[in-house]
Student: 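Next up is a structure, given as structure tokens.
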Number of protein chains: 2
Amino acid sequence: MNAIPSNYSNQIPFHIAIDFVIFGYDEEELKLLAAKRQSTDDHQQWSLIRGFLFKNEHLEQAAARIFKEIMGHSSAHLEQLHTYSNPDYESGTYIISVVYYAIIRLSDQNKKLPKDLDAKWFNLKEIQELIFDPENIIDKAIQDLQEHAKTIPIGITLLPDKFTLTQLQAMYEAILQKKLDRGNFRKNILSVELLEKLDEKDKTGSRKGAWYYSFNENKFNNLIDNGVLIKISL
Amino acid sequence: MNAIPSNYSNQIPFHIAIDFVIFGYDEEELKLLAAKRQSTDDHQQWSLIRGFLFKNEHLEQAAARIFKEIMGHSSAHLEQLHTYSNPDYESGTYIISVVYYAIIRLSDQNKKLPKDLDAKWFNLKEIQELIFDPENIIDKAIQDLQEHAKTIPIGITLLPDKFTLTQLQAMYEAILQKKLDRGNFRKNILSVELLEKLDEKDKTGSRKGAWYYSFNENKFNNLIDNGVLIKISL
DNA sequence: ACAAAAGTGTTGCTACTACACCCATGG
DNA sequence: CCATGGGTGTAGTAGCAACACTTTTGT
């Protein structure tokens with residue numbers, strides 16, 4: 001049962017694709033990266049970003065490699081979502097697609113994409129109409145992202161090292177796609193005690209100025225290592 | 001980017017394995033099915049149940065087929081967990097392993113396993129020591145199962161068509177691995193209004209007798225179809 | 001002085017926990 | 001008549017949502 005059946009080898013030309021749902025956050029709203037398909041069908045011209053697994057490469061390695069090829073750097077949170085057996089029958093071969101999602105900060109450099117890749121950032125409503133997604137992969141990715149966001153650190157990479165609570169709240173609102181109460185948000189997020197108030201204010205947003213905070217990553221990692229699961233109520 | 005790279009075809013002999021974490025519930029505790037490995041290493045002699053994907057077969061089809069080959073029937077809730085790139089390098093080929101988990105009722109017939117399959121039911125503590133599981137697949141499966149159990153219907157297949165609330169509670173306690181308060185459990189489970197009290201009592205458990213209940217599957221499916229997510233607090 | 005965003009405090013409610021308390025009945 | 005599990009009621013509380021209120025400062 002455990003061994004590979006005889007005559008199984010080389011009979012099946014599986015191709016292992018890695019598809020990406022890449023979210024981008026630009027201090028305003030959540031965007032999604034899609035690439036133009038090399039397809040003749042006009043109705044299905046946009047698709048998720050895709051790459052292929054190489055021999056002797058782990059899935060996570062391949063995911064990181066492909067992501068870097070697209071974005072030029074590797075600072076993103078990658079998370080495996082699900083595996084599908086036939087999202088695409090191109091050229092008649094059997095493609096297994098392992099879907100990952102990533103979320104990155106849309107700084108100026110990230111907005112530049114490789115020229116050979118015909119891809120574009122869309123807002124979420126826009127893309128749902130343009131993309132061929134019978135499995136609702138995007139919805140699943142959003143749901144998974146929202147769930148994960150409640151364990152704090154995903155979002156941290158979406159903001160500068162120092163940030164105001166208002167910025168942090170805006171980020172959560174973009175991910176969760178709903179407005180949050182200011183007072184309650186502050187109480188909740190500060191009660192976790194992973195944010196540290198700095199001695200500096202951001203005066204660009206208001207007359208009064210908002211205190212900068214930073215995320216204590218060491219403290220967070222210690223908690224994780226000790227098996228403590230942080231949950232913030234949003 | 002989207003097309004399969006030229007010269008990619010047939011270069012990589014991937015094997016797509018489907019590994020199963022199969023939970024069994026026998027009205028008492030949660031068990032796990034493991035098979036004897038055909039390995040020379042004594043320390044790693046038990047492993048998850050494994051099968052392989054055939055050509056032109058969907059992942060879900062393959063999972064159902066393999067499950068049926070093992071258990072003799074197909075009445076189980078199957079759920080995809082995660083995909084790993086090298087849980088096993090047997091015979092030097094590259095195995096991609098898609099892990100599913102299933103949970104079934106350990107009735108008398110289910111306890112009988114195919115003779116050609118050298119497998120056994122273990123309790124959870126036991127197996128964690130005997131199995132080679134560097135990725136903590138089993139823990140992940142348990143967590144996922146516990147999370148899913150809160151949306152009710154998984155557990156229903158683990159009980160007869162009519163069951164007492166005490167039986168139901170025992171099932172949840174087995175899955176969640178903790179004791180629940182009787183009064184609170186009843187209030188919660190009945191507040192969902194998917195259980196219907198029958199006119200019959202089970203007198204085997206107590207002098208007083210406990211009312212039988214049945215699960216209203218139609219009502220549940222209607223709710224699901226309308227996008228209503230049921231959550232019970234346990 | 002006032003607008004506008006930052007930050008704090010208060011109130012009411014919901015839902016959960018942890019029990020205590022009855023009920024029915026076979027022996 | 002009492003032991004045993006079935007079934008119900010309730011007080012106390014933690015945590016949340018909603019909203020009002022205060023603070024600061026550039027113009």
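Proteins come first, then strands; the chains are lettered A, B, ... in the order of their sequence lines, and each starts at number 1.
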Student: Please report, rounded to the nearest Å, how far the C1' atom of D/dG6 is from the CZ atom of B/Phe185.
Tutor: 14 Å

Student: What is the 5' to 3' range of DNA chain C, first to last nucleotide, that sits under 4.0 Å from any heavy atom of chain A?
Tutor: C/dA5 to C/dT10

Student: Counting only heavy atoms and a strict 4.0 angstrom limit, can you tell me which residues of residues 142-150 of chain A come near DNA chain C?
Tutor: none

Student: Within this structure, what is the CD-to-P distance between B/Gln169 and D/dG6, rounded to whole angstrom?
Tutor: 9 Å

Student: Do B/Val21 and B/Leu145 have side chains that get closer than 4.5 Å, going by heavy atoms?
Tutor: no

Student: Give me the residues of residues 188-199 of chain B where at least one heavy atom lies under 4.0 Å from an atom of DNA chain D, by number, or none.
Tutor: none

Student: With heavy atoms under 4.0 Å as the rule, sort B/Thr166 into base, sugar-phosphate or nothing.
Tutor: sugar-phosphate

Student: Send over the distance from B/Leu180 CG to D/dG7 P, rounded to a whole Å.
Tutor: 16 Å

Student: How close do A/Asp144 and A/Tyr101 get, heavy atom to heavy atom, and via which atoms?
Tutor: OD1-OH, 3.0 Å

Student: Measure CZ/B/Arg186 against P/D/dT10 and give the value in whole Å, please.
Tutor: 17 Å

Student: Looking at every non-hydrogen atom in both residues, tell me the closest pair between A/Gly183 and A/Asp181 and how far apart they are.
Tutor: N-OD1, 3.1 Å

Student: Indicate the atoms forming the closest heavy-atom contact of A/Pro160 with A/Glu27, along with that distance.
Tutor: CD-OE2, 4.1 Å

Student: Carefully, step by step, assess A/Phe67 and A/Ile18 under the rule side-chain contact (heavy atoms from CB on, under 4.5 Å).
Tutor: CA-CA 10 Å; A/Phe67 181 83; A/Ile18 298 189; over 6 Å; no

Student: Any ion pair linking A/Glu69 and A/Arg65 (charged N to carboxylate O, less than 4.0 Å)?
Tutor: yes

Student: When you compare the side chains of A/Glu173 and A/Gln169, does any donor N or O come within less than 3.5 Å of an acceptor on the partner?
Tutor: yes

Student: Return a single string for nucleotides 18-27 of chain D, one symbol per nucleotide in 5' to 3' order, where B is base contact, S is sugar-phosphate-only contact and - is none, cutoff 4.0 angstrom on heavy atoms.
Tutor: BB---BBBB-

Student: Rounded to whole angstroms, how far apart are CG on B/Leu168 and P on D/dG7?
Tutor: 12 Å

Student: Suppose we screen for side-chain hydrogen bond (donor to acceptor under 3.5 Å, both in side chains). Which residues come up paired with B/Thr83, at least two apart in sequence or across chains?
Tutor: A/Thr83

Student: Contact between A/Val98 and A/Gln80 at the side-chain level, heavy atoms closer than 4.5 Å - yes or no?
Tutor: yes

Student: Please check if atom NZ in A/Lys68 has more than 12 non-hydrogen atoms from other residues, nucleotides or ligands closer than 6.0 Å.
Tutor: no

Student: Please report the distance, rounded to the nearest Å, between CD in B/Glu200 and P in D/dG6.
Tutor: 16 Å

Student: Does a side-chain heavy-atom distance below 4.5 Å link A/Glu135 with A/Val99?
Tutor: no

Student: Under the side chain to side chain donor-acceptor pair (under 3.5 Å) definition, can you give me all pairs with a residue in residues 213-230 of chain A, not counting sequence neighbours?
Tutor: A/Glu196-A/Asn216

Student: Over 60° means perpendicular and under 30° means parallel, so tell me whether B/Trp46 and B/Phe122 are parallel, tilted or perpendicular.
Tutor: perpendicular

